[in-house]
2 protein chains.
Amino acid sequence: MKDAKNETITDSEWEVMRAIWTMGKTTSRELIDAMNQLQGWSDSTTKTLLHRLINKGAVVQSGTSRPFVFKPIVGEKESMAAAATDLFDHMCAMRAGSTIAGVIKTRELSQADIAELQAILTEKAKTAPEQVQCNCLPGHHMCEEVEEHGQ
Amino acid sequence: MKDAKNETITDSEWEVMRAIWTMGKTTSRELIDAMNQLQGWSDSTTKTLLHRLINKGAVVQSGTSRPFVFKPIVGEKESMAAAATDLFDHMCAMRAGSTIAGVIKTRELSQADIAELQAILTEKAKTAPEQVQCNCLPGHHMCEEVEEHGQ
DNA sequence: CCTTTAAATTTACATCTGTCACCTTTCAAC
DNA sequence: GTTGAAAGGTGACAGATGTAAATTTAAAGG
């Protein structure tokens, strides 16, 4: 999973980021307690992850005396976008549409979200192709059975 | 990244699956050559990955004599859906909408895909809430600044 | 039935991840 | 100042991953 800077953020680091993003800024104590609540992690685990995130440039430590304050450097929205891009880049382009459909079906979306998506789609429809090519194998530009593939 | 059976499929295994899915069925030789083309991997690398996938139950080996034939057991569509679900489950629910928006903007979608998405959205709009709650921290049910978060 | 050679299987190994225990430095209250 | 509890930092370690070399097995030709 990538963050806004295309650094790799691991799953557990991602959990820490979520908390930091939501808190906006935090002390290690607050964060440790939150992670203990959310994941049952020991103090050390959170500390380690926090440090790894600092090294990766995803979080900064600020303040001159203890306890220090930690803040996210990479943005949540951007990181989420990067992670999503990363995922779809590893999937067959031809099936992106139905995958997105599945996501939309299962997520809760607000009226505003839906309106935004509709607007984007309407715009996109103007230039959308009839077919999207499979980009899995060179030469082989078409996956077998698009609908009921698989078995 | 999860596959259709919720087994973890690693990134490089995922690349192998893409090839297998697209080929439908394959011999190790074909697969090895494809992976060599696509990723520059040595024979061994592909073999190892193929075996790990067999152990994970994502691929079956069939045939009674060499060369054997390998086929995907888990479906591509289902696995993609599982991977997407997995990703969104680790993100703030509140921002799923804009993340999806970003994905739609950057992917190529066919007219049919767009039509399907529109239909789903129209349906969903009937019962969509005004707001989606942040699910990152307990108690703390709202992320700061939804629009221009992050700095 | 031997040998060659492709296919299959094992072993290897450095790095990355998840998880943590333990050591070190400070602040803050005697 | 001394000291004890927080806060901060380091080292550790098992298991997962990426990548591949080495070894075994079996099919096919002579």
Side-chain angles (χ1 to χ4, degrees), chain A residues 1-3 6-20 23 25-71 83 86-87 90, chain B residues 1-3 6-20 23 25-71 83 86-87 90:
Chain A
M1 239 174 333
K2 304 291 181 61
D3 75 358
N6 282 315
E7 281 262 12
T8 293
I9 292 290
T10 70
D11 285 340
S12 38
E13 285 166 356
W14 195 267
E15 294 303 330
V16 174
M17 286 308 296
R18 271 180 85 175
I20 296 180
M23 297 169 151
K25 67 179 192 236
T26 176
T27 61
S28 68
R29 175 47 43 199
E30 276 185 316
L31 188 62
I32 285 171
D33 290 343
M35 290 303 121
N36 181 271
Q37 283 287 304
L38 289 161
Q39 315 279 332
W41 288 340
S42 78
D43 294 21
S44 306
T45 301
T46 303
K47 288 183 199 172
T48 300
L49 259 10
L50 180 57
H51 278 213
R52 287 183 183 167
L53 286 168
I54 290 173
N55 290 331
K56 289 182 179 179
V59 171
V60 255
Q61 186 184 50
S62 62
T64 50
S65 80
R66 291 177 173 183
F68 299 136
V69 170
F70 298 87
K71 287 188 293 193
D86 194 41
L87 180 74
H90 289 294
Chain B
M1 239 174 333
K2 302 292 180 62
D3 75 0
N6 282 316
E7 281 260 11
T8 293
I9 293 289
T10 70
D11 285 339
S12 37
E13 286 166 355
W14 194 267
E15 293 304 330
V16 175
M17 287 310 294
R18 273 180 82 175
I20 297 180
M23 296 169 151
K25 66 178 195 243
T26 177
T27 61
S28 68
R29 174 49 43 199
E30 276 185 314
L31 188 63
I32 286 170
D33 291 343
M35 289 302 122
N36 181 271
Q37 282 289 303
L38 289 160
Q39 314 279 330
W41 287 341
S42 79
D43 294 22
S44 307
T45 301
T46 302
K47 288 183 198 172
T48 300
L49 260 9
L50 180 56
H51 278 223
R52 286 184 184 168
L53 285 168
I54 290 173
N55 289 333
K56 290 183 179 177
V59 171
V60 255
Q61 188 183 49
S62 63
T64 51
S65 78
R66 294 175 171 185
F68 299 136
V69 171
F70 299 86
K71 288 188 293 194
D86 194 42
L87 179 74
H90 288 293

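Every chain is numbered from 1, with letters handed out A, B, ... down the list of sequences.
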Over all strands shown, is [X] touching base, sugar-phosphate only, or nothing at heavy-atom distances under 4.0 angstrom?
X: T8(A); answer: sugar-phosphate
X: D11(A); answer: sugar-phosphate
X: Q39(A); answer: nothing
X: R29(B); answer: sugar-phosphate
X: S28(B); answer: sugar-phosphate
X: S65(B); answer: sugar-phosphate

Angle, rounded to 10°, between the helical axes spanning five pairs at each terminus of the helix from dC1(C)-dG30(D) to dC30(C)-dG1(D)? 10°

[X] [atom1] - [N] [atom2] separation (whole Å):
X: M35(B); N: dT19(D); atom1: CE; atom2: C1'; result: 15 Å
X: W14(B); N: dT19(D); atom1: CH2; atom2: P; result: 17 Å
X: E15(A); N: dT17(C); atom1: CD; atom2: P; result: 15 Å
X: L53(A); N: dT17(C); atom1: CG; atom2: P; result: 11 Å
X: N36(A); N: dA7(D); atom1: CG; atom2: P; result: 14 Å
X: R52(B); N: dT17(D); atom1: CZ; atom2: C1'; result: 6 Å
X: H51(A); N: dT25(C); atom1: NE2; atom2: C1'; result: 13 Å
X: L49(B); N: dT19(D); atom1: CG; atom2: C1'; result: 9 Å

Quick one: do R29(A) and D33(A) make a salt bridge, cutoff under 4.0 Å? yes

Ring pair (Phe, Tyr, Trp, His ring centres under 6.0 Å) against W41(A), all qualifying residues, sequence neighbours excluded: none

Between S12(B) and T48(A), the residue closer to the 5' end of DNA chain D by nearest nucleotide is T48(A)

Which value, rounded to the nearest 0.5 Å, describes the distance between S44(A) atom OG and L50(A) atom CG? 12.5 Å

Atom OG in S62(B), atom NZ in K71(B): separation rounded to 0.5 Å? 4.5 Å

Hey, does the side chain of [X] reach the backbone of [Y] with a donor-acceptor pair shorter than 3.5 angstrom?
X: W14(A); Y: M1(A); answer: no
X: E30(B); Y: T27(B); answer: yes
X: Q39(B); Y: N36(B); answer: no

Among I54(B), L31(B), V60(B), which residue satisfies the side chain to side chain contact (heavy atoms under 4.5 Å, CB included) criterion with F70(B)? I54(B)

Please determine which of R52(A), R18(A), E7(A) meets the side chain to side chain contact (heavy atoms under 4.5 Å, CB included) test together with E13(A). R52(A)

Grab the N/O contacts between the protein and nucleotides 22-25 of chain D below 3.5 Å, and write none if there aren't any.
| from | atom 1 | to | atom 2 | distance (Å) |
| --- | --- | --- | --- | --- |
| dT25(D) | O2 | R66(B) | NH1 | 2.6 |

Does a donor on one side chain and an acceptor on the other come within less than 3.5 Å for T45(B) and S42(B)? yes

At less than 4.0 Å, is any side-chain N or O atom of T45(A) found next to OP1 or OP2 of dC20(C)? Yes or no. yes

